[in-house]
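Here's the structure, in structure tokens; my notes come after.
All chains are named by letter (A, B, ...) in the order of the sequence lines, taking the proteins before the strands, and each is independently numbered beginning at 1. All values reported here derive from a predicted model rather than from experimental measurement.
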Protein chains: 2
Amino acid sequence: MPQRSVARPQLTRESVLQAALQLADRDGIEALTMRALAEQLGVEAMSIYYHLPNKDAILDGLVEVVFAEIEHEVGGFPPPPATDASSWAPTLRERILGARRVLLRHPWLPNVMNARGASGPNAMRHVDGVVGIMRAGGMSHDLIHHSLHAIGSRMYGYVQELSDDGATPAPVELEQLAALAPHLAAMLAEVVHDDPDSTLGWCDDQTEFEFGLDLLLEGLERRLAAQPA
Amino acid sequence: MPQRSVARPQLTRESVLQAALQLADRDGIEALTMRALAEQLGVEAMSIYYHLPNKDAILDGLVEVVFAEIEHEVGGFPPPPATDASSWAPTLRERILGARRVLLRHPWLPNVMNARGASGPNAMRHVDGVVGIMRAGGMSHDLIHHSLHAIGSRMYGYVQELSDDGATPAPVELEQLAALAPHLAAMLAEVVHDDPDSTLGWCDDQTEFEFGLDLLLEGLERRLAAQPA
DNA sequence: GTTGTAAGACTTACGCCGTAAGATACGCTG
DNA sequence: CAGCGTATCTTACGGCGTAAGTCTTACAAC
């Protein structure tokens with residue numbers, strides 16, 4: 001009846017993801033169902049499956065789309081080479097605040113990342129940029145590693161420190177990673193190598209948790225000491 | 001046929017919650033469906049609804065059950081009166097690590113709290129204990145307020161700093177809260193009062209976010225300075 | 001032109017989910 | 001024995017993700 005004219009795609013992976021983003025922003029992530037998404041696209045639900053294999057792929061795609069938005073917000077993921085070694089902290093601060101600005105536009109995203117992870121290329125390059133900034137400031141890979149855990153909640157707007165596995169990258173994956181995120185790959189290579197029993201769970205979650213906790217407690221003690229009596 | 005003998009309850013709110021806890025721990029939170037839970041209890045799904053109004057009530061109940069477990073782990077929520085004002089940080093540290101020990105046994109719980117919140121009495125008394133510890137250390141209510149936001153992710157194993165509303169308690173609720181969580185209520189009374197436009201969203205999320213972020217960045221700068229060259 | 005092929009949509013249906021509505025079995029009190 | 005409240009079961013509905021198969025169209029080869 002509606003006289004659909006061609007078989008050239010009006011539906012694409014990109015248009016689906018963009019519609020999904022709009023729908024989630026407008027009505028919340030729980031309103032993002034295959035049927036609702038199809039309706040927004042003027043199409044039947046099953047038609048989406050030609051372009052994306054399942055709903056999880058849509059969620060993963062959304063994470064990547066938002067990281068692309070973050071990249072634009074912070075002016076590109078490979079940060080400009082630092083001219084001043086002491087400027088790493090303000091640089092990092094601005095980068096994290098920029099990411100937060102984007103996440104505030106998509107407040108449902110942290111939950112999606114929490115459920116599905118954030119291991120696409122854009123997310124990786126974001127982390128890589130952070131590692132690069134810290135590296136330019138003179139931090140060791142080991143300290144950077146701890147720092148990533150500590151600021152994780154600020155980078156992503158959430159944190160799940162209770163993960164049961166550290167998601168050890170296989171050596172093969174590590175090579176692929178090097179092309180995409182060289183700083184991150186270098187850090188992993190060194191930190192994993194240092195740990196003799198690196199079969200799995202190469203992060204000691206308890207240690208990382210206490211590292212971040214002590215950072216905060218020390219800071220609070222200084223704030224307390226500076227408090228007007 | 002199975003000759004169920006009595007109408008005296010074999011099912012209770014408590015037995016349902018305990019079975020739900022077991023099921024979530026064993027098979028993950030996504031396996032916690034009304035039908036699976038009923039089967040575990042040797043009962044039909046709809047029978048559960050006599051004791052709990054819906055599934056969300058079960059999730060809320062689980063949060064409270066786990067906070068009771070935390071209370072037991074840390075030796076009671078009203079912390080013992082501090083003998084030494086400088087001991088607040090180690091006391092708080094131990095309390096947070098204790099909570100983490102419990103959350104590690106129920107790794108699905110942070111996600112539930114993220115989705116459903118943690119506003120039951122046990123959760124409130126937990127926060128109240130933390131406020132009490134900080135208060136005994138000499139912190140102002142204002143500083144305590146900031147600190148709660150900063151350590152939120154450590155207290156709960158997660159953080160959702162992107163909430164859109166600050167959940168302003170109505171004055172009536174505040175009275176009820178005072179009975180349950182006096183330290184927390186005192187803090188809220190003061191902090192909310194200080195803010196002239198306290199109609200809703202009395203926390204400035206951006207300020208709180210930057211407070212916690214700067215705590216971490218300063219700490220990392222000190223770690224970097226202490227790093228062997 | 002006719003026909004083959006494959007892209008890109010649609011149709012139908014299945015097994016899950018939470019739960020509304022109501023029926024049923026039992027013990028207790030009059 | 002009648003009636004009532006309690007606790008459980010039965011049935012069914014609408015919505016979910018998606019497996020399987022079908023239909024329409026554009027285009028290339030003859």
Fill in: For B:H141, ring-ring contact (aromatic ring centres under 6.0 Å, His included) partners two or more places apart
none
Item to complete: Using whole Å, report how far CD of A:E44 lies from P of C:dC10.
Response: 5 Å
Response to the item:
Sequence neighbours excluded, the answer for side-chain hydrogen bond (donor to acceptor under 3.5 Å, both in side chains) partners of A:T207 is A:D204
Fill in: Whole-Å distance separating the CG atom of A:L52 from the P atom of D:dA19
14 Å
Worksheet item: Tell me, which pairs form a side-chain hydrogen bond (donor to acceptor under 3.5 Å, both in side chains) where one or both residues lie in residues 54-68 of chain B, sequence neighbours left out?
Response: B:D56-B:R116, B:D60-B:R116
Item to complete: Report yes or no: is the cationic atom of A:R125 (NZ for Lys, CZ for Arg) under 6.0 Å from the centre of the six-membered ring of A:F67, at an angle within 45° of the ring normal?
Response: no
Fill in: Listed nucleotide nearest any side-chain atom of A:M46, set D:dA19, C:dT19, D:dC9
D:dA19
Fill in: B:R100 and A:E210 ion-paired at < 4.0 Å
no
Worksheet entry | Between C:dA9 (P) and A:L41 (CG): distance, integer Å | 10 Å
Item to complete: Please determine if a side-chain N or O atom of A:Y50 lies less than 4.0 Å away from the OP1 or OP2 oxygen of C:dA9.
Response: no
Practice prompt. Return the angle between end axes of the helix from C:dG1-D:dC30 to C:dG30-D:dC1, with five pairs used per end and rounding to 10°.
Written response: 30°
Fill in: Salt-bridge criterion met for B:R101 and B:E94 (N-O under 4.0 Å)
yes
Let me have the donor-acceptor pairs involving side chains of residues 17-29 of chain A, under 3.5 Å, with sequence neighbours excluded, atom names and distances please.
unit_1: A:D25; atom_1: OD1; unit_2: A:H106; atom_2: ND1; d: 2.8
unit_1: A:D25; atom_1: OD1; unit_2: A:W108; atom_2: NE1; d: 2.7
unit_1: A:D25; atom_1: OD2; unit_2: A:H106; atom_2: ND1; d: 2.9
unit_1: A:R26; atom_1: NH2; unit_2: A:Q40; atom_2: OE1; d: 2.8

Worksheet item: At under 4.0 Å, does any side-chain N or O of B:H51 touch on OP1 or OP2 of D:dT6?
Response: no
Worksheet entry | Evaluation steps, side-chain hydrogen bond (donor to acceptor under 3.5 Å, both in side chains), between B:E208 and B:H146 | CA-CA 6 Å; B:E208 303 303 345; B:H146 294 319; 2.8 Å; yes
Report all interatomic pairs (protein N or O, nucleotide N or O of nucleotides 15-18 of chain C) with separations under 3.5 Å.
unit_1: C:dC17; atom_1: OP1; unit_2: B:T33; atom_2: OG1; d: 3.2
unit_1: C:dG18; atom_1: OP1; unit_2: B:K55; atom_2: NZ; d: 2.7
unit_1: C:dG18; atom_1: OP2; unit_2: B:M34; atom_2: N; d: 2.8
unit_1: C:dG18; atom_1: N7; unit_2: B:R35; atom_2: NH1; d: 2.7
unit_1: C:dG18; atom_1: O6; unit_2: B:R35; atom_2: NH2; d: 2.9

Practice prompt. Please state whether the phosphate of C:dC10, meaning OP1 or OP2, lies under 4.0 angstrom from any side-chain nitrogen or oxygen of A:S47.
Written response: yes
Fill in: Rounded distance (Å) that lies between atom P of D:dT10 and atom CD1 of B:I48
14 Å
